[in-house]
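Report on one structure; see the data block that follows.
In what follows, chains are A, B, ... by sequence order, proteins preceding strands, each numbered from 1.
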Amino acid sequence: MPETQDPVPATEAALALVRRLAAVHGPLMFHLSGGCCDGSAPMCFAAGEFKLGERDVKLGEVDGHGFWIGGEQWARWSHTSITLDVVPGRGASFSLEIPEGVRFVIRSAVCARP
Amino acid sequence: MRYAKPNTPGSKVQYRTRYDNFIGGEYVRPKLERYFENISPVNGKPFCEVARSSAEDVERALDAAHGAKVAWGKTSVADRSAALLKIADAMEANLEMLAVSETWDNGKPVRETLAADLPLAIDHFRYFAGCLRAEEGSMAELDANTVSYHLKEPLGVVGQIIPWNFPLLMAAWKLAPALAAGNCVVLKPAEQTPATIMLFAELAGKILPPGVLNVVNGFGIEAGKPLASNRRISKVAFTGETTTGRLIMQYASENLIPVTLELGGKSPNIFFADVLAQDDDFRQKALEGFGMFALNQGEVCTCPSRALVDKKIYGQFLELAVMRAAASKPGDPLDTDTRVGAQASNDQLEKILSYIDIGKQEGARVRMGGERVNLGGDLAGGYYVAPTVFEGHNKMRVFQEEIFGPVVSVASFDGFDDAIAQANDTLYGLGAGVWTRDFHTAFRAGRAIQAGRVWTNCYHLYPAHAAFGGYKQSGIGRETHKMMLDHYQQTKNLLVSYDPKPMGFF
């Protein structure tokens, strides 16, 4: 299981949005959701808003903001790499970018199994 | 036939240009006077504005709800039940209007809103109107002079956060038991799909006393959080995904209030070899069951998105199933012949396409679909995806994550134990399907699958009086059944002594 400060890859558009949100809300955090509706997508909160648990795994940081995923979900994702991206669209959830009419999404690629 | 587009002459639906919040029986402007555009996924264009609320608006709705809660909680069950029946009647009288609106707001085909969303929502109010009349507390005689009474009381004011995949039906699933049990509600619709709930609120608002039903629109972080974390609610109900589900529980833990959650799944749909044993109606029924992954564009928490097929029939079954499923193609959602409509939003479309991409990268084979569809003309800006069939294995991400699109991932299994092991190799446990002509196999499989609902020789039926809810990470609580009343009630125990003599403790 990684516990790393390494950068989580992000597109230019996603990085620009992260910086805009950080300018408004201060330090941020990301947690990758699972399940229904807006699941399988990253949620962005003010740092500390979402209570991390013992089994959450830190995948790294986006522009200095921590990025986590539930441990059991990570077990099923770990053979793929992720890139944070953003698309236009009215997503639901408590993620901070929703009022801007855009939504963070994850682009994935297959990587070698460790 | 094709329904006219809302806001055009002859349409069943004429929206207001702007929807405020519905608080205390009337429309109330948001305190900060902010609004957001509501977009139809049918054509990707805005069609009305909706209140972008803040914490002040949530507080105002809670004021109204608290002002109404004593009188509504003491309203007789006969009168509360009658109000629910009147709501059902009003919906039925406006069925086409609400169905067309739901199609325009969500993108789902009108064939489905007419036949499923609306009739099910209407019946849900009637069901809980009936449950309420038949509900009773209990009494126990503990000794000759001591009696214990159990009486049900409403919780008071509850918060409800509604998803966008069945906006009105999911609102009905939550509202009907909450109102029946005597609670007042502050409800936040999903920000993609607020319109039909506002039409519903106008109808229900003429029946319910002011303040019993309050609808606050807006974004999760701005309106959802002030509601879910509010110390003036006694319970919160949410349908959505796991991170927000945890956040809702976290807020509830700060107030020590109960939650009910429905957080989705990755439902296995198991086809045993004997489904093809005869070329008959049942074979067609099973093939139909496979194709239901495209129902509601796959935007169903119980989408049968993992098909597990007995290896003895795998090749033949898949050939027949794909042939049958190929008849479901995206089309104009307002055409009553269309079976597959638009995905609910652009970001949803992008997420689905990203999953189709990773499925291909992982080596899953595309047997059908696998791309976006442009319907051209007026619908060119809409969010359409071709129903997609992947072949692969259960460790692939397209087998493990809820894509929430018209995508099914198919794998074979070798014997009963392998079928169950693969079915249960998931974080979730909401729905499952079992198809077989052998009732011993059906029962064994149904009991062995760790999911709250196992459809056996059927799928995607959602009748009231069959409990719906999840095992594992799929949530807490059971909806669509009278047991949901318990989730909206306190139990009051009156422990009464009829003995005039001192108790003798001191």
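Within the 4.5 Å cutoff, the side chain of A/His79 has heavy atoms near those of the B/Glu362 side chain. Taking the side chain as every heavy atom from C-beta outward, B/Thr242 and A/His31 never approach each other to under 4.5 Å. Annotation: side chain of A/Phe94 is in contact with side chain of B/Ile248 (closest heavy-atom distance under 4.5 Å).
Of the atoms belonging to A/Ile69, not a single heavy atom falls under 4.5 Å from chain B. Heavy-atom distances place both the backbone and the side chain of A/Ala109 under 4.5 Å from chain B. Using a 4.5 Å cut-off between heavy atoms, A/Phe104 makes no contact with chain B at all. Heavy-atom distances place the side chain of B/Tyr355, and not its backbone, under 4.5 Å from chain A. At a 4.5 Å heavy-atom cutoff, the contact between B/Ile161 and chain A is made by side-chain atoms alone. Using a 4.5 Å cut-off between heavy atoms, B/Gln348 touches chain A through its side chain atoms alone. Contacts between B/Thr426 and chain A at a heavy-atom distance below 4.5 Å involve the backbone alone (N, CA, C, O).
Of the listed residues B/Gly220, B/Ala190, B/Gly265, the one with more heavy-atom pairs under 4.5 angstrom with chain A than any other is B/Gly220. Contacts with chain A were tallied for B/Phe399, B/Tyr383, B/Tyr251; B/Tyr251 has the most, counting heavy-atom pairs under 4.5 Å. Ranking B/Lys225, B/Glu299, B/Gln192, B/Met396 against chain A, the residue ahead of the rest is B/Gln192, based on heavy-atom pairs under 4.5 Å. When the candidates A/Gly39, A/Ala92, A/Gly89 are compared by the number of heavy-atom contacts under 4.5 Å with chain B, A/Ala92 comes out ahead. Of the listed residues (B/Asp357, B/Leu247, B/Leu263), the one with the most heavy-atom contacts under 4.5 Å to chain A is B/Leu247.
In terms of modelled atom types and a separation under 3.5 Å, the side chain of B/Asp347 and the main chain of A/Arg103 share no donor-acceptor contact.
Checked for salt-bridge contact, B/Asp425 and A/Arg76 meet the test: a charged N lies under 4.0 Å from a carboxylate O. Taking 4.0 Å as the cut-off between side-chain N and carboxylate O, B/Glu37 and A/Arg90 do not count as a salt-bridged pair. For A/Arg107 and B/Glu350, the salt-bridge test passes: some basic side-chain N is under 4.0 Å from an acidic carboxylate O.
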task = Apply side-chain contact (heavy atoms from CB on, under 4.5 Å) to the pair B/Thr243 and A/Phe45, showing each step before the final yes or no.
result = CA-CA 11 Å; B/Thr243 295; A/Phe45 306 118; 3.8 Å; yes
side-chain contact (heavy atoms from CB on, under 4.5 Å) assessment of B/Ile358 paired with A/Thr80 = CA-CA 9 Å; B/Ile358 188 67; A/Thr80 56; 3.9 Å; yes
ask   = Are A/Asp56 and B/Arg246 close enough, and set up right, to give a side-chain contact (heavy atoms from CB on, under 4.5 Å), and what steps lead you there?
value = CA-CA 12 Å; A/Asp56 286 305; B/Arg246 280 175 60 177; 2.6 Å; yes
request  = Start with the C-alpha distance between A/Ile98 and B/Phe36, add both sets of side-chain angles, then the distance that settles side-chain contact (heavy atoms from CB on, under 4.5 Å), and finish with yes or no.
outcome  = CA-CA 11 Å; A/Ile98 302 278; B/Phe36 64 92; over 6 Å; no
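In this structure, a donor-acceptor pair under 3.5 Å is absent between the side chains of A/Trp77 and B/Gln400.
Separating the CD1 atom in B/Ile221 from the SG atom in A/Cys44 is a distance of 9.5 Å, to the nearest 0.5 Å. Between atom CZ of residue B/Phe219 and atom OG of residue A/Ser95 there is a gap of 12.5 Å, rounded to the nearest 0.5 Å. Within the model, atoms OH of B/Tyr428 and CD of A/Glu72 stand 9.5 Å from one another, a figure rounded to the nearest 0.5 Å. In this structure, CZ in B/Phe404 is found 8.0 Å from CG in A/Asp38, a value given to the nearest 0.5 Å. Note that CD of B/Glu262 is 7.5 Å distant from SG of A/Cys37, once rounded to the nearest 0.5 Å. Note that OG of A/Ser108 and CZ of B/Arg397 are 3.5 Å apart. Values are rounded to the nearest 0.5 Å.
Contact residues of residues 468-477 of chain B toward chain A are B/Gln473 (heavy-atom distance under 4.5 Å).
Between A/Cys36 and B/Gly240, the shortest heavy-atom contact is CB-O, 3.3 Å. Across all non-hydrogen atoms, the minimal contact from A/Gly35 to B/Glu402 is C-OE1, 3.3 Å.
Partner of B/Glu241 under the side chain to side chain donor-acceptor pair (under 3.5 Å) criterion, out of A/Ser40, A/Ser33, A/Ser93: A/Ser33 alone.
The 12-atom threshold is exceeded at CD of B/Glu33, counting heavy atoms of other residues, nucleotides or ligands nearer than 6.0 Å.
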